[in-house]
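Accompanying notes for the structure given below.
The sequence lines fix the lettering, A, B, ..., with proteins before strands; numbering per chain opens at 1.
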Amino acid sequence: MQVKEEVVKVPLSVDERWDLIEKISKQTVEFGARKHTLKDAIAELTVKPLTGIPVAIAVIYGFWAFFCEFAGTLFTDGFMVRLFDEHWLPWLQSVFPGKETWLYFIFVGDPAADNCFEAFGMLTSGLFVIFGVVLWAVLAFYLIFAILEDVGYLPRLAVLVDTVLHKIGLHGYAIVPTFLSLGCNVPGVTATRPLETRKQRFMMMTLLAIFVPCGAQIGIMQDLVPEMMGWIFLTLAIGYLGFGFVLNKIVPGKSPEIIMDVPPYQMPTLKNIMSKLWIRTSGFLLVAVPFVLLGCLIVGLMYLTGAMDWLAAVFGPLLTVWFGVPSETVAPLIAGFLRKDLAVGMLGGLMEQGIMTTFQVFTSVILLCIYFPCLATFALMIKEENWKEILGSLASLVAMVFVYGGLIHLVGIMLGVA
Amino acid sequence: MKILLMGHPNVGKSVFFNRLTGAKVMESNYPGTTVDFTKGWMRLEGEDVELIDVPGAFSLEPKDRAEEVAVKMLEENRDSVVVCVLDASKVERGLYLALEIIERGYPVVVALNMWDVAEDKNIKIEVEKLERILGVPVVPTTAISGEGFKELVSKIKEAAPVKIEKIIESASGVRVATSAGEGGGGESAAVSG
């Protein structure tokens, strides 16, 4: 018997380590013949473009249909609008003392309002936005998210869209942060961490912050302007891809290929779905309730002190001339710094007053999406990016709002609808 | 003593964490769900031990933010036992990280997770032999259904640091000396016996 003696340096080199692994696995691992299972068959169907694209469209359509039916039709229109507009609002208007006082204005809002969008008070519009509309939207969203996540569909979707995203210097993996951002931009931004270079992370965060509306925002948009949703998503998608293309050209740095594991499909467990639904929904309420109420309070105070009228007068010309929206939209734009859902809800109030054309509503909704990430997202970006990148993101944002917002106005003028 | 849960992205570390601590961290079926560490407490033979869910890493040479966090956690917790979670259907890849951690002198327990997936793929692993070669406890687990957890927990106390030379020796049937050298250590001198 021969025994060799070798010298080993610790730590091993990469090659030495792989050598050792080969020796170990040869003795311990045996690969049997692979059976082609049903799981494999499904896996292939969802990844090969010919079948995968129709499957993706079906999945997204199913997602959307469920979302609209469950959140919009069943809960919001079916129960909540009735509860809030026919019972809560009239009751509050009748029992809250002092119709002319500022307290009434802050808490209940407009005494003549006959629906919660129009009232603008903390206890009327504020609570209605959260519990009447957005809560059901995020619940529906998170439920489907959790299922798609646990089944293992996301990495497959990433493989499918990889080619398209390559054209803008991103990779299929970008679908994960984007998808999460559709629920809430905050976990979307943290999900950029597995991206390898600062350039990729910067691009991804900036695109998310500008072009990806969150579930709360989508929920309230769907309630307010359901007939426009297609156009809204199309406009945002064009912006995302177009601006991504430009960013990729001007941001220095590299975008190396990301290799992503495609995990096996799994049967989701009810326990995990429920647990995720709970974590995310309670997280949503914890942030949304104080911020929406605070937003209502600030906007209410600004109206009372005349600050809002002053801002409307100052920014009015810019808003009307450049973007083609009425100066009253300054109030939702202020609220949007805190919460996008509240901002869109306030837009609803302006719509009820009948001071906006359809196209102006469309432009305002897009502006609310792209002009600033909500406070929670922005705070996280400050944590994740260095100051140069923050300035870069802000600069991109400002440039984007003016260019894209102006462009939408221009298209409106040319089509004769603005 | 602390316990670190380490392994590649999407091998089930968070499922381990939730099972062992009764906590609720996000579990999903795609790589990169956990991008920051989470701490929790588990009972180990009557005492409370801190368990840390570390973001997935392919190796200890970090390539992204999540991996940076992983390496930092390992370096900051020198007194930990590392439960290295491997995808049993991709043992080789996982062993790379496990060996790196062993080389750094940490006591390791290897969990061969996704054992059900490996069985589906008709991959057979000789657990006892692997355990003998590595010199560390190796436990097959299926985290989603909870199989193997009792055994895993009972093996944590057995974990002890292993010298990589020992592993090379038992893997190749060759006696190995370190460069620091017990026994002279010539350049691969053949000795008959």
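- Side-chain N or O atoms of Glu22(A) include none that pairs as donor or acceptor with a backbone N or O of Asp19(A) at under 3.5 Å.
- A side-chain donor-acceptor contact under 3.5 Å links Asp87(B) and Ser89(B).
- Heavy atoms closer than 4.5 Å to chain A are found nowhere in Arg132(B), neither backbone nor side chain.
- Side-chain atoms of Glu131(B) come within 3.5 Å of backbone atoms of Val138(B) as a donor-acceptor pair (strictly under, hydrogens ignored).
- The residues Arg193(A) and Asp36(B) are annotated as salt-bridged, a charged nitrogen and a carboxylate oxygen being separated by less than 4.0 angstrom.
- Looking at Val176(A), the atoms closer than 4.5 Å to chain B (heavy atoms on both sides) all sit in the side chain, from C-beta outward.
- Ranked by heavy-atom pairs under 4.5 Å with chain A, the list Asn18(B), Asp120(B), Asn122(B), Val69(B) is led by Asn122(B).
- Between Arg17(A) and Glu100(B) there is a salt bridge, since a side-chain N of the basic residue sits under 4.0 Å from a carboxylate O of the acidic one.
- Counting non-hydrogen atoms of other residues, nucleotides and ligands closer than 6.0 Å to CE of Met274(A) gives a total of 12 or fewer.
- Along residues 152-162 of chain B, no residue comes nearer than 4.5 angstrom to chain A, judged on non-hydrogen atoms.
- For Glu67(B) (side chain) and Lys63(B) (main-chain N/O), a donor-acceptor pair under 3.5 Å exists by modelled atom type.
- Identified under the ring pair (Phe, Tyr, Trp, His ring centres under 6.0 Å) test for residues 143-167 of chain B, with sequence neighbours left out: Phe16(B)-Phe149(B).
- A salt bridge links Glu75(B) with Arg104(B); the closest basic N to acidic carboxylate O contact falls under 4.0 Å.
- For Ser25(A), the part sitting under 4.5 Å from any heavy atom of chain B is the side chain, from C-beta outward, and nothing else.
- Formation of a donor-acceptor pair under 3.5 Å by the Lys13(B) side chain with backbone atoms of His8(B) is found in this model.
- Heavy-atom distances place the backbone of Leu195(A), and not its side chain, under 4.5 Å from chain B.
- For Ile125(B), the parts lying near chain A are the backbone and the side chain together; criterion is any non-hydrogen pair under 4.5 Å.
- Glu384(A) touches chain B through backbone and side chain together, each having a heavy atom under 4.5 Å away.
- Among Pro268(A), Gly32(A), Pro155(A), the residue making the largest number of heavy-atom pairs under 4.5 Å with chain B is Gly32(A).
- Contacts of Leu148(A) with chain B are absent, with no heavy-atom separation under 4.5 Å from either backbone or side chain.
- With a 4.5 Å cut-off on non-hydrogen atoms, Arg198(A) does not touch chain B at all.
- Between the side chains of Asp150(A) and Asn272(A), a donor-acceptor pair is found at a separation under 3.5 Å.
- Ranking Trp18(A), Phe31(A), Tyr173(A) against chain B, the residue ahead of the rest is Trp18(A), based on heavy-atom pairs under 4.5 Å.
- Neither the backbone nor the side chain of Phe145(A) comes within contact range of chain B, judged by heavy atoms closer than 4.5 Å.
- Both the backbone and the side chain of Val35(B) come within contact range of chain A, judged by heavy atoms closer than 4.5 Å.
- Considering only heavy-atom pairs separated by less than 4.5 Å from chain B, the leading option among Ile279(A), Thr28(A), Thr197(A) is Thr28(A).
- Taking chain A as the reference chain and counting heavy-atom pairs below 4.5 Å, the highest number among Val117(B), Val15(B), Leu95(B), Leu134(B) is found for Leu95(B).
- Between the side chain of Arg156(A) and the backbone N or O of Gly152(A), at least one donor-acceptor pair lies under 3.5 Å.
- Aromatic ring centroids of Phe141(A) and Phe63(A) lie under 6.0 Å apart.
- Looking at Ile167(B), the atoms closer than 4.5 Å to chain A (heavy atoms on both sides) sit in the backbone and in the side chain alike.
- Between the side chain of Asn113(B) and the main chain of Val11(B), a donor-acceptor pair closer than 3.5 Å is present.
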